[in-house]
Amino acid sequence: MKTPIELKILDSRIGSEFPLPAYATPGSAGMDLRAMTETTLTIVPGETVLIPTGISIYVADPSLAAVILPRSGLGHKHGIVLGNLVGLIDSDYQGPLMVSCWNRSSEPFTIEVGDRLAQLVFVPVVQAEFRLVDEFANTDRGEGGFGHSGTK
Ligand SMILES: O=c1ccn([C@H]2C[C@H](O)[C@@H](COP(=O)(O)OP(=O)(O)OP(=O)(O)O)O2)c(=O)[nH]1
Ligand SMILES: [Mg+2]
């Protein structure tokens with residue numbers, strides 16, 4: 001059963017020239033987001049560009065969020081990742097869905113209009129309420145962290 005999510009088309013090329021984001025296979029976790037720029041764009045090494053996707057979504061349910069993740073091929077082969085590393089889409093956000101695209105490679109990278117740049121994944125969210133305490137119940141780990149157990 002898929003969860004219905006409201007979506008607005010902000011760029012009429014989506015739904016005509018380019019399809020709406022969709023799962024590529026029945027088991028896909030992410031839907032690819034396309035670069036809805038006016039023209040072809042070259043991102044020089046080290047540069048970060050905010051790229052519109054041509055859509056907005058309204059997740060609405062506070063127990064859900066969406067995350068924008070890099071595509072592994074672009075990230076690994078071309079160093080095209082996200083300027084914010086991961087994009088988090090709040091359930092009450094209704095603005096344009098944007099992808100912060102960072103060229104962390106040493107080569108310029110050219111994005112054509114409609115290229116699939118990043119992917120959108122819906123995730124469950126638990127909202128916490130802090131309960132102030134003076135002491136935690138003991139655990140084996142305690143305060144150990146940040147590699148305190150070594151690598152072997
Ligand atoms: O890659 C992203 C990340 C965020 N957003 C939108 C949706 C998100 O709900 C909103 C705010 O994101 P976030 O809370 O991460 O950014 P902020 O810098 O804390 O902005 P704000 O003060 O608006 O919360 O921006 C995107 O479109 N793309
Ligand atoms: Mg915020």
Side-chain angles (χ1 to χ4, degrees), residues 1-105 107-133 136-137 139 141 145-147 149:
M1 232 293 269
K2 293 195 175 120
T3 302
I5 299 283
E6 290 185 6
L7 178 149
K8 278 189 195 168
I9 293 176
L10 305 178
D11 185 319
S12 59
R13 293 171 297 177
I14 295 271
S16 55
E17 269 178 78
F18 302 105
L20 279 174
Y23 297 110
T25 64
S28 292
M31 306 183 199
D32 288 344
L33 296 172
R34 294 176 185 271
M36 286 296 118
T37 48
E38 286 306 316
T39 55
T40 299
L41 174 81
T42 296
I43 310 183
V44 301
E47 192 186 13
T48 304
V49 181
L50 200 56
I51 296 181
T53 63
I55 59 168
S56 56
I57 59 169
Y58 175 35
V59 174
D61 178 352
S63 69
L64 295 175
V67 290
I68 299 178
L69 299 175
R71 292 184 65 205
S72 49
L74 287 179
H76 181 70
K77 292 184 197 149
H78 301 287
I80 298 300
V81 293
L82 303 178
N84 46 355
L85 305 187
V86 174
L88 177 62
I89 313 305
D90 297 285
S91 69
D92 53 358
Y93 180 71
Q94 299 181 323
L97 212 54
M98 306 292 287
V99 173
S100 171
C101 194
W102 172 30
N103 182 354
R104 61 161 180 78
S105 80
E107 303 294 330
F109 185 80
T110 297
I111 296 170
E112 310 280 352
V113 176
D115 278 358
R116 287 176 291 123
L117 260 197
Q119 53 188 331
L120 186 69
V121 178
F122 290 91
V123 292
V125 167
V126 173
Q127 284 188 335
E129 185 170 52
F130 290 122
R131 186 165 61 85
L132 289 178
V133 297
F136 296 131
T139 64
R141 174 181 286 276
F146 296 91
S149 64

Output a table of donor-acceptor pairs, distance under 3.5 Å, between side-chain atoms of residues 82-100 and any protein atom two or more places apart or on a different chain; print 'none' if there are none.
unit_1: Tyr93; atom_1: OH; unit_2: Pro96; atom_2: O; d: 2.7
unit_1: Ser100; atom_1: OG; unit_2: Gly83; atom_2: N; d: 3.3

Item to check | Set of ring-ring contact (aromatic ring centres under 6.0 Å, His included) partners for Phe122, sequence neighbours left out | outcome: none
Item to check | With His78 via ring-ring contact (aromatic ring centres under 6.0 Å, His included) - residues at least two apart | outcome: Phe109
Item to check | Distance in Å, Ser16 OG paired with Ile9 CD1, rounded so as to fall on 0.5 Å steps | outcome: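 Answer for the OG-CD1 pair, Ser16 versus Ile9, is 8.0 Å.
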Next on the checklist: To check you understand the geometry: which heavy-atom pair defines the closest contact between Leu117 and Leu74, and what is its length?
Outcome noted: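 Result for this residue pair: O-CD1, 3.4 Å.
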Checklist entry - What side chain to side chain donor-acceptor pair (under 3.5 Å) pairs are there with at least one residue in residues 38-50, not counting sequence neighbours? => result Thr40-Glu112, Thr42-Thr110
Next on the checklist: Tell me which pairs pass side chain to side chain donor-acceptor pair (under 3.5 Å) where either residue lies in residues 114-126, with sequence neighbours left out.
Outcome noted: Asp32-Arg116
Checklist entry - Going through the distances and angles, do Ile80 and Cys101 end up as a side chain to side chain contact (heavy atoms under 4.5 Å, CB included)? => result CA-CA 7 Å; Ile80 298 300; Cys101 194; 3.5 Å; yes
Item to check | Qualifying salt bridge (Lys or Arg N to Asp or Glu O under 4.0 Å) pairs with a residue from residues 120-132, counting only residues at least two apart or across chains | outcome: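 Of all non-adjacent pairs touching residues 120-132, none passes salt bridge (Lys or Arg N to Asp or Glu O under 4.0 Å).
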Item to check | Residue pairs passing the salt bridge (Lys or Arg N to Asp or Glu O under 4.0 Å) test where at least one lies in residues 8-17, sequence neighbours excluded | outcome: Asp11-Arg13
Using a 3.5 Å cut-off and no angle test, enumerate the donor-acceptor pairs between side-chain atoms of residues 55-69 and protein atoms at least two apart in sequence or in another chain.
unit_1: Asp61; atom_1: OD1; unit_2: Ser63; atom_2: N; d: 2.8
unit_1: Asp61; atom_1: OD1; unit_2: Ser63; atom_2: OG; d: 2.8
unit_1: Asp61; atom_1: OD2; unit_2: Ser63; atom_2: OG; d: 3.2

Under 3.5 Å, which donor-acceptor pairs do the side chains of residues 20-31 form with other protein atoms, sequence neighbours left out?
unit_1: Thr25; atom_1: OG1; unit_2: Ser28; atom_2: N; d: 3.3
unit_1: Thr25; atom_1: OG1; unit_2: Ser28; atom_2: OG; d: 2.8
unit_1: Ser28; atom_1: OG; unit_2: Thr25; atom_2: N; d: 3.1
unit_1: Ser28; atom_1: OG; unit_2: Thr25; atom_2: O; d: 3.4

Checklist outcome for this item: Sorted by chain and residue number, the side chain to side chain donor-acceptor pair (under 3.5 Å) partners of Arg104 (sequence neighbours excluded) come out as none
Next on the checklist: Run the side chain to side chain donor-acceptor pair (under 3.5 Å) test against Thr139 and tell me which residues pass, sequence neighbours left out.
Outcome noted: none
Checklist entry - Are Leu10 and Pro52 side-chain neighbours, meaning at least one heavy-atom pair lies under 4.5 Å? => result no
Checklist entry - Heavy-atom distance under 4.5 Å between the side chains of Leu41 and Ile51, does that happen here? => result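 Yes, close enough: below the 4.5 Å cut-off.
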